[in-house]
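Data first, discussion second: the structure below is written as structure tokens.
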Amino acid sequence: MKRTINLTINEEAFEAEAEPRLLLSYFLRERAGLTGTHIGCVIGECGACTVLLDGRLVKSCLLFAVQADGRKVLTIEGLAKNGALHPIQEAFVQQYGLQCGYCTPGMVLASYSLLRDNLNPTEEEIRKALGGNLCMCTGYVQIVESVKAAAKKLQQS
Amino acid sequence: MIPAPFDYVRPTTLDEAIRLLAANGDEAKLLAGGHSLLPLVKLRLANPKILIDLSRISGLSGIRQEGDQIIIGALTTHYEIESSELLKQACPLLPETARMIGDVQVRNRGTIGGSLAHADPAADLPAAILALGAELRLTGSDDERWIKGEDFFLDLMTTVLKPTEIITEIRVPVLSGRFGTAYLKMPQKASGFAIVGVAVWIKVEDKACTAIGVGVTGLGAKPFRAKEVEKKLWGKRIDHTFIDADASHVDHGIDPLDDIHASAPFRAHLARVYTHRAIQEAVKRAGVSMPSR
């Protein structure tokens with residue numbers, strides 16, 4: 001039986017119907033049309049579907065949309081403001097922190113979650129914070145460099 | 001990766017949840033963080049007819065002190081345990097263990113009650129629960145009972161929980177006096193699950209061990225308390241012979257798991273090595289110097 005699900009996605013109210021078994025990742029992509037949340041493994045290993053739920057980093061394939069009813073979701077689409085990339089996104093571009101881009105929304109949001117709490121992370125802290133996100137093309141060196149560069153940008157702003 | 005259809009209910013009180021559980025019995029599954037249950041229903045290894053989402057019941061999460069005990073609500077997340085200042089002071093073994101579970105995203109959603117009820121043989125928290133002699137509060141429709149961690153786990157993914165019971169709280173002691181704790185594990189590289197994990201709590205007085213708890217995960221079908229090891233170290237003087245061969249008793253009477261990540265003999269070997277190291281680390285953290293062998 002379908003249910004009405006109310007979310008606040010990127011600070012805007014959104015309502016749609018869905019079966020309880022619909023995963024949040026599919027709800028965001030297919031109902032809300034926010035395809036920046038990527039579907040990778042769908043078993044909670046790869047982190048491509050990472051979003052923030054009430055401010056905490058989660059994998060949206062490990063949640064049914066109905067579980068998020070009434071909560072706030074931040075997806076990758078919510079980071080850029082007025083057409084300007086978020087400093088973390090800029091840093092990923094400038095430091096070549098992506099190749100195919102599939103893991104990037106999750107990587108950027110995991111970085112966002114880290115840097116919100118810690119503006120001066122060590123390399124080990126960065127690697128731990130990204131531990132739930134897999135990249136299958138670049139390896140992690142440029143991604144870690146991107147997070148370091150993003151931290152510098154955010155310290156200055 | 002799409003579960004079979006199910007009905008979904010979201011009670012707001014514990015009584016309502018217990019009523020729903022009693023009414024639906026084996027057809028119902030409790031949903032807490034869902035990080036064990038969702039993979040199971042997506043793979044259709046579990047096909048519940050109804051999911052009872054506990055997340056909106058107030059009072060089932062949080063960490064508080066009551067006298068010489070810390071009470072942890074069953075819906076408390078691994079992140080909340082990892083970052084609890086109260087636990088870091090009063091029972092540091094739990095935050096240390098929680099910090100080593102999965103990844104950030106998993107720790108933000110996974111709950112202590114869910115992990116214990118699921119009883120995965122490679123889960124981290126059971127090792128700490130056993131080492132600490134923690135107790136679980138199981139609430140059913142007619143009564144409730146407190147059960148010791150060591151009596152809770154029965155077998156692979158099997159516990160004493162009745163189909164109509166909910167784990168509502170976990171009680172651990174406030175550690176006092178001169179003590180040390182440690183949780184060490186050999187993680188499976190991709191998942192982070194423990195191939196073997198050993199949690200130790202040790203109390204020290206006058207350079208002797210006056211109490212010790214050793215919890216082991218990953219080795220057998222269920223997590224267990226290494227009582228043989230504890231017995232041999234209880235009351236023993238802490239000098240360079242303290243652990244000696246005693247850690248090698250850890251796998252006595254245990255039939256080790258055997259899979260693609262580690263053979264049974266290798267797992268048993270790892271358990272002995274990690275037991276030795278975890279005890280050594282706990283002793284060190286208790287502020288006692290003990291030359292390594």
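- Closest approach of B:Gly33 to A:Gln67, counting heavy atoms only: O-NE2, 4.3 Å.
- Heavy atoms closer than 4.5 Å to chain B are found in both the backbone and the side chain of A:Leu63.
- Side-chain atoms of A:Arg21 do not come within 3.5 Å of backbone N or O of B:Val41 as any donor-acceptor pair.
- Rounded to the nearest 0.5 angstrom, B:Phe6 CZ and A:Glu19 CD are separated by 8.5 Å.
- Within 6.0 Å of NZ on A:Lys153 lie more than 12 heavy atoms contributed by other residues, nucleotides or ligands.
- Among all heavy-atom pairs drawn from B:Met1 and A:Val42, the shortest one is SD-O, 3.9 Å.
- By the neighbour-count criterion of 12 heavy atoms within 6.0 Å, atom CG of B:Leu43 is densely surrounded, having more than that number from other residues, nucleotides or ligands.
- Each of B:Asp103, B:Val104, B:Val106 was compared with A:Leu57 under the side-chain contact (heavy atoms from CB on, under 4.5 Å) criterion, and only B:Val104 meets it.
- The backbone N or O of A:Cys61 lies less than 3.5 Å from a partner atom in the side chain of B:Lys42, making a donor-acceptor pair.
- Residue B:Asp26 places its CG atom among 12 or fewer non-hydrogen atoms of other residues, nucleotides or ligands, all under 6.0 Å distant.
- Your options are A:Glu45, A:Lys128, A:Arg3, and the one with the most heavy-atom pairs under 4.5 Å with chain B is A:Arg3.
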Report task. Please lay out, stage by stage, how A:Leu23 and B:Leu38 fare under the test side chain to side chain contact (heavy atoms under 4.5 Å, CB included). Result -> CA-CA 10 Å; A:Leu23 297 171; B:Leu38 261 73; 4.0 Å; yes
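- Proximity of B:Asp53 to A:Phe64: side-chain heavy atoms (C-beta onward) are nowhere separated by under 4.5 Å.
- For A:Tyr26, no part lies near chain B; criterion is any non-hydrogen pair under 4.5 Å.
- Interface remark: B:Leu31 contributes side-chain atoms only to the contact with chain A (heavy atom separation under 4.5 Å).
- A:Thr50 and B:Gln105 share a side-chain donor-acceptor pair at under 3.5 Å.
- In this structure, A:Arg56 is positioned above the aromatic face of B:Tyr79, its NZ or CZ under 6.0 Å from the six-membered ring centre and within 45° of the axis.
- Judged purely by atom type and a 3.5 angstrom limit, B:Arg109 has no side-chain atom pairing as donor or acceptor with the backbone of A:Leu62.
- Only the side chain of B:Arg56 comes within less than 4.5 Å of a heavy atom in chain A; its backbone stays farther off.
- When the shell of 6.0 Å around CD of A:Glu17 is examined, it contains more than 12 heavy atoms from other residues, nucleotides or ligands.
- Contacts of A:Leu130 with chain B are absent, with no heavy-atom separation under 4.5 Å from either backbone or side chain.
- Within 6.0 Å of CD in A:Gln155 there are more than 12 heavy atoms belonging to other residues, nucleotides or ligands.
- Heavy atoms of other residues, nucleotides or ligands lying less than 6.0 angstrom from NZ of B:Lys88 number more than 12.
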